[in-house]
**Q** 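Quick one: structure below, then a few questions.
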Amino acid sequence: MAELEVIKHTKKMHEIATDKKHTLVEKIKEIGLEIFIIVFAVSLSIWLHGWSEHRHEQEQVKKFLLGLKSDIQSDVDDSKTIIKQYQDFGKVYTSLSNLDKNKPYDQEVLKKQLAYINTNVYLRPKIYRFNGFVSSGRIGNIENDSLSLNILKFYQETLSEVNSSESGWLSNQKKLQTYLDENLVDPESTADNFRVLTTPKGKKLAKNLVPWNQIYERYNNLIKSGEVIIKQIDEERV
């Protein structure tokens with residue numbers, strides 16, 4: 001559209017310039033008007049294109065934020081469940097680390113607790129939507145700087161901290177599993193498991209699996225950060 005207007009008014013400027021009926025002053029005035037019209041048409045075209053492009057970008061941002069809200073809510077809910085699981089682990093491994101080879105034990109209780117040694121839990125964050133949006137270079141299209149920074153921090157820092165704590169706990173669990181595998185004569189025997197777990201090393205490895213405060217702090221930080229982002233998204237009215 002703008003190109004046609006430029007061509008149209010350029011031709012008219014040529015006609016004015018070559019028209020012998022007009023005085024020089026008249027030609028200057030009319031050519032000036034045509035130049036103004038051309039500049040206005042081009043500027044308007046550029047503005048409309050920019051407005052359309054911005055509108056399209058914001059539609060993509062809206063779609064992304066709606067999906068991200070769902071992803072983060074899922075991570076928050078999973079984290080709350082995982083905290084409860086770690087609290088159960090804490091009770092079990094505290095009990096196992098307090099076993100005394102010189103004192104009687106409840107075989108049925110110990111049998112149930114042994115099942116936890118091969119049970120673990122960790123967060124499986126929903127990261128694909130975020131990674132795709134960032135890799136396409138569109139994260140800068142989020143106009144709310146506070147929101148975009150919180151999103152980046154959540155995925156690049158908060159989740160990483162949680163993963164680090166999880167890896168530490170899983171590493172400790174693997175050490176206990178390996179120690180049992182190497183020292184049990186009869187893995188199915190509750191009595192034999194009791195024998196290995198009540199050795200000094202067995203007790204120490206069990207105690208190392210009582211979740212430490214950092215694990216809870218990092219999961220709670222994830223929950224808090226996620227809920228802040230969800231609130232910000234809601235305030236954007238997307």
**Q** Can you name the side-chain hydrogen bond (donor to acceptor under 3.5 Å, both in side chains) partners of Asp100, sequence neighbours left out?
**A** none

**Q** Examine distances only and state if a side-chain atom of Ser74 and a backbone atom of Ser70 form a donor-acceptor pair shorter than 3.5 Å.
**A** no

**Q** Do Thr190 and Phe194 have side chains that approach each other closer than 4.5 Å (heavy atoms only, starting at C-beta)?
**A** no

**Q** Could you grab the distance from atom CG of Leu205 to atom OG1 of Thr178, nearest 0.5 Å is fine?
**A** 9.5 Å

**Q** Answer yes or no: is there a side-chain heavy-atom contact under 4.5 Å between Ile117 and Gln177?
**A** yes

**Q** Nearest 0.5 Å, please: how far is CD in Gln214 from OH in Tyr216?
**A** 13.0 Å

**Q** How far apart are the C-alpha atoms of Tyr219 and Glu166, what are their side-chain angles, what is the distance that settles it, and do they pass the side chain to side chain contact (heavy atoms under 4.5 Å, CB included) test?
**A** CA-CA 10 Å; Tyr219 272 113; Glu166 289 176 336; 2.2 Å; yes

**Q** Indicate yes or no for a side-chain donor-acceptor contact from Asn98 to the backbone of Thr94 under 3.5 Å, with no hydrogens or angles considered.
**A** yes

**Q** Any side-chain heavy atom of Asn141 within less than 4.5 Å of one from Arg138?
**A** yes

**Q** Mind checking the CG-OG spacing from Leu170 to Ser165? Nearest 0.5 Å is all I need.
**A** 10.5 Å

**Q** Do NZ/NE/NH1/NH2 and the carboxylate oxygens of Lys174 and Asp181 come within less than 4.0 Å?
**A** no

**Q** Hey, is NZ on Lys175 packed in by over 12 heavy atoms from elsewhere, all under 6.0 Å?
**A** no

**Q** For Arg195, enumerate each residue passing the salt bridge (Lys or Arg N to Asp or Glu O under 4.0 Å) test, keeping only those at least two apart in sequence or located in another chain.
**A** Asp192

**Q** In this structure, would Val162 and Val228 fall into the same cluster of hydrophobic residues linked by side-chain contacts under 4.5 Å?
**A** no

**Q** Determine whether Ile233 and Leu66 satisfy the following criterion, side chain to side chain contact (heavy atoms under 4.5 Å, CB included), listing intermediate values before the conclusion.
**A** CA-CA 8 Å; Ile233 293 175; Leu66 282 173; 5.6 Å; no

**Q** I need the Asn220 CG to Ile215 CD1 distance, nearest 0.5 Å.
**A** 12.0 Å

**Q** What residues, two or more places apart in sequence or in another chain, satisfy ring pair (Phe, Tyr, Trp, His ring centres under 6.0 Å) together with Tyr155?
**A** Phe130

**Q** State, with a plain yes or no, whether a side-chain heavy atom of Asn150 is found less than 4.5 Å away from one of Gln232.
**A** yes

**Q** If you compare all heavy atoms of Ser189 against all heavy atoms of Asn193, which two are closest, and at what distance to 0.1 Å?
**A** O-ND2, 2.8 Å

**Q** Which atom pair, heavy atoms only, marks the closest approach of Gly202 to Leu176?
**A** O-CD1, 4.4 Å

**Q** What are the two closest non-hydrogen atoms of Asp145 and Ser148, and how far apart are they?
**A** O-OG, 2.9 Å

**Q** Of all the heavy-atom pairs spanning Gly132 and Ser135, show the shortest one and how long it is.
**A** O-OG, 3.0 Å

**Q** For a side-chain hydrogen bond (donor to acceptor under 3.5 Å, both in side chains) check, start with the C-alpha distance between Glu217 and Asn221, then their side-chain angles and the critical distance, and finish with the verdict.
**A** CA-CA 6 Å; Glu217 288 171 358; Asn221 182 48; over 6 Å; no

**Q** Step by step, work out the side chain to side chain contact (heavy atoms under 4.5 Å, CB included) result for Arg218 and Ser164.
**A** CA-CA 10 Å; Arg218 289 181 170 178; Ser164 177; 3.9 Å; yes

**Q** Would you say the side chain of Tyr179 lies within less than 4.5 Å of the side chain of Lys204, judging by non-hydrogen atoms?
**A** no

**Q** Identify the heavy atoms of Leu96 and Ala206 that sit nearest to each other, and give their distance.
**A** CB-CB, 4.1 Å

**Q** Among Val61, Leu65, Ile151, which residue meets the side-chain contact (heavy atoms from CB on, under 4.5 Å) test with Phe133?
**A** Val61

**Q** Looking only at atom types and distance, does a side-chain atom of Ser79 sit under 3.5 Å from a main-chain N or O of Asp75, one as donor and one as acceptor?
**A** yes

**Q** So Leu123 and Leu222, do their side chains get closer than 4.5 Å, heavy atoms only?
**A** yes

**Q** Which pairs would a plain distance check flag for residues 101-115, meaning a side-chain donor or acceptor within less than 3.5 Å of a matching protein atom at least two apart in sequence or in another chain?
**A**
unit_1	atom_1	unit_2	atom_2	d
Asp106	OD1	Glu108	N	3.0
Asp106	OD1	Val109	N	3.2
Gln113	NE2	Ser95	OG	3.1

**Q** Would you sort out whether Asp88 and Gln85 count as a side chain to side chain contact (heavy atoms under 4.5 Å, CB included), showing the intermediate values?
**A** CA-CA 5 Å; Asp88 288 341; Gln85 185 67 66; 4.1 Å; yes

**Q** Could you grab the distance from atom CG of Leu68 to atom CD of Gln73, nearest 0.5 Å is fine?
**A** 11.5 Å

**Q** Shortest non-hydrogen contact from Leu99 to Lys203?
**A** O-NZ, 2.6 Å

**Q** Scan Trp169, Trp212, Tyr93, Tyr122 and name whichever one has a ring pair (Phe, Tyr, Trp, His ring centres under 6.0 Å) with Tyr86.
**A** Trp169

**Q** How would you list, by chain and number, every residue that makes a salt bridge (Lys or Arg N to Asp or Glu O under 4.0 Å) with Lys69, sequence neighbours excluded?
**A** Asp234

**Q** Output all residues satisfying salt bridge (Lys or Arg N to Asp or Glu O under 4.0 Å) with Glu227, sequence neighbours left out; order by chain, then residue number.
**A** Lys80

**Q** State, yes or no, whether a side-chain contact exists between Val76 and Ile72 at a heavy-atom distance under 4.5 Å.
**A** yes

**Q** Report yes if some heavy atom in the side chain of Leu209 is under 4.5 Å from a heavy atom in the side chain of Val92; otherwise report no.
**A** no

**Q** Check the hydrophobic clustering (I, L, V, M, F, W, Y; side-chain heavy atoms under 4.5 Å; chains of links allowed) and say if Ile229 and Leu149 are grouped together.
**A** no

**Q** Within this structure, what is the OG-CD distance for the pair Ser225 and Glu161, rounded to the nearest 0.5 Å?
**A** 9.0 Å

